[in-house]
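The next block holds one structure in the form of structure tokens; read it before the comments.
Letters go in sequence order (proteins before strands), and every chain restarts at 1. Note that these values count all heavy atoms, side chains included, but never hydrogens, waters or copies made by symmetry.
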Number of protein chains: 2
Amino acid sequence: MARKRFDDSNCSVARALNEVGDWWSLLVVLHAMYGIRRFVDFQQELGIARNILCDRLARLVDNEVLKKVDVGEHGSRFEYRLTEKGRDLFPIVIALRQWGDKWNPAPDQTPLDLRDRETGRAILPVEVQDADGKPLTVRDVFVPEGSDTGIEKKTPDGKKSA
Amino acid sequence: MARKRFDDSNCSVARALNEVGDWWSLLVVLHAMYGIRRFVDFQQELGIARNILCDRLARLVDNEVLKKVDVGEHGSRFEYRLTEKGRDLFPIVIALRQWGDKWNPAPDQTPLDLRDRETGRAILPVEVQDADGKPLTVRDVFVPEGSDTGIEKKTPDGKKSA
DNA sequence: TCAATATGGTTGCTTAAAGAAACCAGATTA
DNA sequence: TAATCTGGTTTCTTTAAGCAACCATATTGA
């Protein structure tokens, strides 16, 4: 692949993608959220090559998205569990899921129906909201002067990047 | 890379990742949201190889995330603009950005300060919410019986996947 | 009018990552 | 004490990413 490294990027989206933005990592996290914890289970559920799974799990552990826990029980020895950082990917995964359900629905599949454990009611679509909870689109927002989007502006010609 | 195709996956997250889940696509979308529209600008801002950019733009157009518009003005001929489907990635990009800012802050960079154009107030963190707007973690939700997470359950041994 | 430049690519080569399958070592079970 | 399960590692092949050169069209500018 000869991939470009984003480690040193000044864009935190790029840095985030560097940790969980490859083909498998986010699917591993998703399955971890669904309760998968063991190597073989990830491997079978995802159909991922074992060496790649090894690599991804190790990287997710390095990046503190997962933690590797030694559980001494019968035959199974390790579990990969989400850290707080990993659980914090929840809105991203759900937003991705909702986007997929909305724009690429599988004919044979019902959209994800996630419900609040307490009330039993369905969750809302994940949105960007203003301070009052009003949904915002990309057109409703701006980056204040003096702040930074994290991408280089090149404004000699009057082009603006935000 | 010899990547696995997720086109036919019954998991909409996998299908979403198939469209925007590679290294560059989401960054292209991000920059489009910041106002970038032209081939050369994407190329310079992202530092992406031109053939890869070609490929990604074409795929994003194919997937109707971007549309290619012929603008006959001086020298520049095409613009790549977000479609509604593309703009709908806003929560995902922002959530990713906020996650990156929170967990991998760049020492020299302030977190993204996005503000509502109308009120001038900062946006909220992107969250999963219940019907009342109460934030939910992955631990607060469940998948009702009869619904489907989109991953295969393998429950002969009592393991549950949701 | 003709050269210089910008735009939006394409082509060919090299490098590196993904995938498949075989192999392996420690622990458990039978 | 052999079979099995676990969580890997190794080797090899395939494919995509990155780089740099090239190219056709359109515009400017002298």
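One finds a salt bridge joining B:Arg97 and B:Asp101 here, because a Lys/Arg side-chain nitrogen approaches an Asp/Glu carboxylate oxygen to under 4.0 Å. The pair B:Asp130-A:Arg115 does not meet the salt-bridge criterion, since no charged nitrogen lies less than 4.0 angstrom from a carboxylate oxygen.
Note on B:Trp24: a side-chain N or O is less than 4.0 Å away from OP1 or OP2 of D:dG18. Remark: B:Tyr80 is in phosphate contact with C:dG9, judged by side-chain N or O atoms under 4.0 Å from OP1 or OP2.
Summary for the helix from C:dT1-D:dA30 to C:dA30-D:dT1: the axes at its two ends, each from 5 pairs, differ by 10° when rounded to the nearest 10 degrees.
Taking atom CZ on A:Arg38 and atom P on C:dA27, their separation rounds to 17 Å, with Å as the unit. Remark: P of C:dT7 and CZ of B:Arg37 are 16 Å apart, rounded to the nearest angstrom. Rounded to an integer number of Å, the gap from CG of B:Asp55 to C1' of D:dT15 is 13 Å. Distance CG (A:Asp41) to P (D:dG8): 13 Å, rounded to an integer number of Å. As rounded to whole Å, 13 Å separates atom P of C:dG9 from atom CD1 of B:Ile48. A:Asp70 places its CG atom 10 Å from the P atom of D:dG7, with the value rounded to the nearest Å. If you measure from atom CD1 of A:Ile52 to atom P of D:dA16, you get 14 Å, rounded to the nearest angstrom. For the pair A:Asn18 CG and C:dA17 P, the interatomic distance rounds to 12 Å; values are reported in whole Å.
Checking side-chain atoms of B:Thr83 against main-chain N and O of B:Glu64 turns up a donor-acceptor pair under 3.5 Å. Judged by distance alone, the side chain of B:Asp116 and the main-chain N or O of B:Gly120 form no donor-acceptor pair under 3.5 Å. Remark: the backbone N or O of B:Arg15 is not paired with any side-chain donor or acceptor of A:Asn104 at under 3.5 angstrom.
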List, with names and distances, any nitrogen or oxygen atoms from the protein found under 3.5 Å away from nitrogen or oxygen atoms belonging to nucleotides 10-14 of chain C.
{"from": "C:dG12", "atom 1": "O6", "to": "B:Asn51", "atom 2": "ND2", "distance (Å)": "3.2"}

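Each of A:Leu114, A:Val93, A:Leu124, A:Val126 was compared with A:Gln98 under the side chain to side chain contact (heavy atoms under 4.5 Å, CB included) criterion, and only A:Val126 meets it.
A donor and an acceptor atom, one from each side chain of B:Gln129 and A:Gln129, are located under 3.5 Å apart.
Candidate nucleotides C:dT7, D:dG7, D:dA17 were compared by shortest atom distance to the side chain of B:Arg56, and D:dA17 ranks first. For B:Val40, taking side-chain heavy atoms from C-beta onward, the closest of the listed nucleotides C:dT7, D:dG18, C:dG19 is C:dT7.
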- prompt: Going through the checks in order, is the side chain to side chain contact (heavy atoms under 4.5 Å, CB included) test met by A:Lys102 and B:Lys85?
  reply: CA-CA 9 Å; A:Lys102 177 173 178 183; B:Lys85 182 177 176 181; over 6 Å; no

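For the pair B:Lys68 and B:Phe78, the cation-pi criterion (under 6.0 Å, within 45° of the ring axis) is fulfilled.
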